[in-house]
Amino acid sequence: MSKTAASLAPAADPSRWKALVFIALAQLMVVLDATIVNIALPSAQTDLGISDGNRQWVITAYALAFGGLLLFGGRIADKWGRKNAFVVGLIGFALASALGGAANGEAMMLGARALQGAFGALLAPAALSLLAVMFTDAKERAKAFGIYGAIAGGGGAVGLILGGFLTEYLNWRWTFFVNIPFAIVAAVGAWMVIREPAGSRNRAPLDIPGVILSTTGLVALVYGFTRAESAGWSNALTVAMFVASALLLAAFVLVESKVKSPLLPLRVLLERNRGGVYLSLGLAVISMFGLFLFLTYYLQVVKGFSPVKTGFAFLPMIAGMITGSTQIGARLMTRVPPRLLMGPGFLVAGLGMLLLTQLEVGSSYPALILPAQLLLGLGMGTAFMPAMSLATHGVNPADAGVASAMVNTSQQVGGAIGTALLNTIAASATTAYLTDHAAEAAAGGPAGQLIQAQAMVEGYSSAIWWAVGILVASSVIALTLINTGRPGVGGPVASGSGEDAELKVPVIAH
């Protein structure tokens, strides 16, 4: 790093590693909450009398609020201060979790899930942007984002394990109550140790038209994909949601290009490295979320695993993600350009996904599913780590929150699209298989049950082929769009004024 660059970098925060513990704990809570409820859902549905038609709303209510409000949450963090937004988000998330655990009916449960999503949308971008402004040394930053990337990638699988334990040995309500101690410890710790750098707030007036257009546009998009899964792609309301989303988001872009203090400055999106991260990461998450759902159903319904055994069956993926993020990504991030970690990482994950296209009713867990999960985890962990660090590449410090929110938005929208799109593909393939084998399926007994299981697996493998293609596309996008050099080496620098310098050096030191 040059003397000039070194002089621009702010002094390292002495409490940064302590702060990382509490930031990582909060991130784990938000990410695992996206999947922990999946395993508990059948029990909660029975207890609360939720119909089959409405059970998806337990997942969807969280996704809509979280995905729709992320940009707003990121800008609030920039305006209020990230530490304040972080603590308020934690407290709100804990209260919403308590409400969900105490739910006595469908309405109370859905309301609690929506509140969890809303406070999560405040918490998640605040957490990532705090890392962006607290870690200034390239090597330390690589370690910090290695830990954060492992949690962001593996937290969903941790949620499946924890959800299995809590559901089987306590009851489904504890999948909500478990968030409360996480949140209290993280909030108290954060309040005591986090010291946000001076002068990094964005005190510009809030862009209300931008908030309304982005929130309604993203909610319409997420709901469109969610509805497509249950009602079909040609359903009038599904089509209307997609059309409305396109119009609202187009209007949002137009407004952001005109207003003095935009919610999402277009410079945040249009810088090619950040744009490459948002797009490639969003596509990769489409594959991951769909896979979590298929493997959970395959292991429990087809193989007859218990919730706890299903959770443990995901351990190789978690181990792979942690290894890929902390031992490969973090160690190589200061030595090679990020695209040479992200591109090959997505391809390795795609290779793991390719193995899973060979799934059959009698497939062996050790011979097929375990190595596939290891490859998936290693690839995703290696790619997630530099992606998280590049999220605020060359961005003005006052925009760090909203730039961080875009990473979470791409993940959340990708998750909603993945669940709906891949589920629809799987359902169509299953129906086609049952139609072709209608006589055997109608026979009943063991033979009929085998045909039903084979139809499910046929659906999963068809959808997983699509997931392979999506991961290859992620790799191509990362290798094509991301062109920044490794930290400390000259490379393309994001355009911006001199005020960008404070964050430009800590994020990617050119």
Side-chain angles (χ1 to χ4, degrees), residues 30 57 60-82 84-85 88-89 92-93 96 110-126 128-129 201-228 237-270 274-275 278 282 395-396 398-417 420:
V30 171
W57 280 100
T60 305
Y62 180 87
L64 288 178
F66 190 49
L69 293 170
L70 270 165
L71 287 177
F72 182 42
R75 181 53 85 199
I76 289 292
D78 286 334
K79 192 173 177 67
W80 280 1
R82 293 160 198 107
N84 294 336
V88 170
F93 201 92
L110 298 184
R113 289 291 283 163
L115 276 175
Q116 278 187 314
F119 283 107
L122 181 63
L123 177 60
L128 183 54
S129 56
R201 288 195 192 183
N202 185 341
R203 300 187 185 276
L206 197 59
D207 170 21
I208 300 299
V211 169
I212 294 169
L213 288 169
S214 67
T215 301
T216 52
L218 287 170
V219 165
L221 181 65
V222 173
Y223 182 54
F225 277 103
T226 304
R227 185 169 176 80
L237 185 55
T238 303
V239 173
M241 285 295 109
F242 286 133
V243 172
S245 173
L247 292 173
L248 288 164
L249 292 177
F252 171 66
V253 171
L254 182 63
V255 166
E256 298 308 275
S257 67
K258 304 289 186 187
V259 297
K260 185 179 178 183
S261 303
L263 173 72
L264 176 62
L266 295 184
R267 62 182 178 270
V268 172
L269 271 183
L270 297 178
R274 285 195 296 273
Y278 301 148
V395 77
N396 185 314
D399 294 332
V402 78
S404 302
M406 271 304 302
V407 177
N408 290 285
T409 300
S410 64
Q411 287 180 281
Q412 192 60 33
V413 172
I417 293 170

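Note that these values count all heavy atoms, side chains included, but never hydrogens, waters or copies made by symmetry. All residue numbers refer to positions in the sequence shown, counting from 1.
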Approximate separation, where rounding is to 0.5 Å, of Leu218 CG and Leu213 CG: 10.5 Å

Contacts of Ala112 that satisfy side-chain contact (heavy atoms from CB on, under 4.5 Å) - sequence neighbours left out: Leu99

Value rounded to 0.5 Å, distance of CH2 in Trp57 from CG in Leu64: 5.5 Å

Shortest non-hydrogen separation from Ala126 to Ala85 and the atoms involved: CB-CB, 4.1 Å

Give the table of side-chain donor-acceptor pairs shorter than 3.5 Å for residues 241-256, with sequence neighbours excluded, one pair per line with atom names and distance.
residue, atom, partner, partner atom, Å
Ser245, OG, Gly217, O, 3.1
Glu256, OE1, Leu263, N, 2.7
Glu256, OE1, Leu264, N, 2.8

Shortest non-hydrogen separation from Pro125 to Gly73 and the atoms involved: CG-C, 4.0 Å

Inter-residue atom distance Leu71.CG - Ile76.CD1, 0.5 Å rounding: 12.0 Å

Nearest non-hydrogen partners of Pro262 and Arg75, listed with the distance: O-NH2, 3.2 Å

Distance, nearest 0.5 Å, that separates CZ of Phe66 from OG1 of Thr409: 8.0 Å

Side-chain (Thr215) to main-chain (Ile212) donor-acceptor, under 3.5 angstrom: no

Inter-residue atom distance Met406.CE - Leu70.CG, 0.5 Å rounding: 9.5 Å

Rounded distance [0.5 Å steps], CD1 in Ile208 versus CZ in Phe72: 6.5 Å

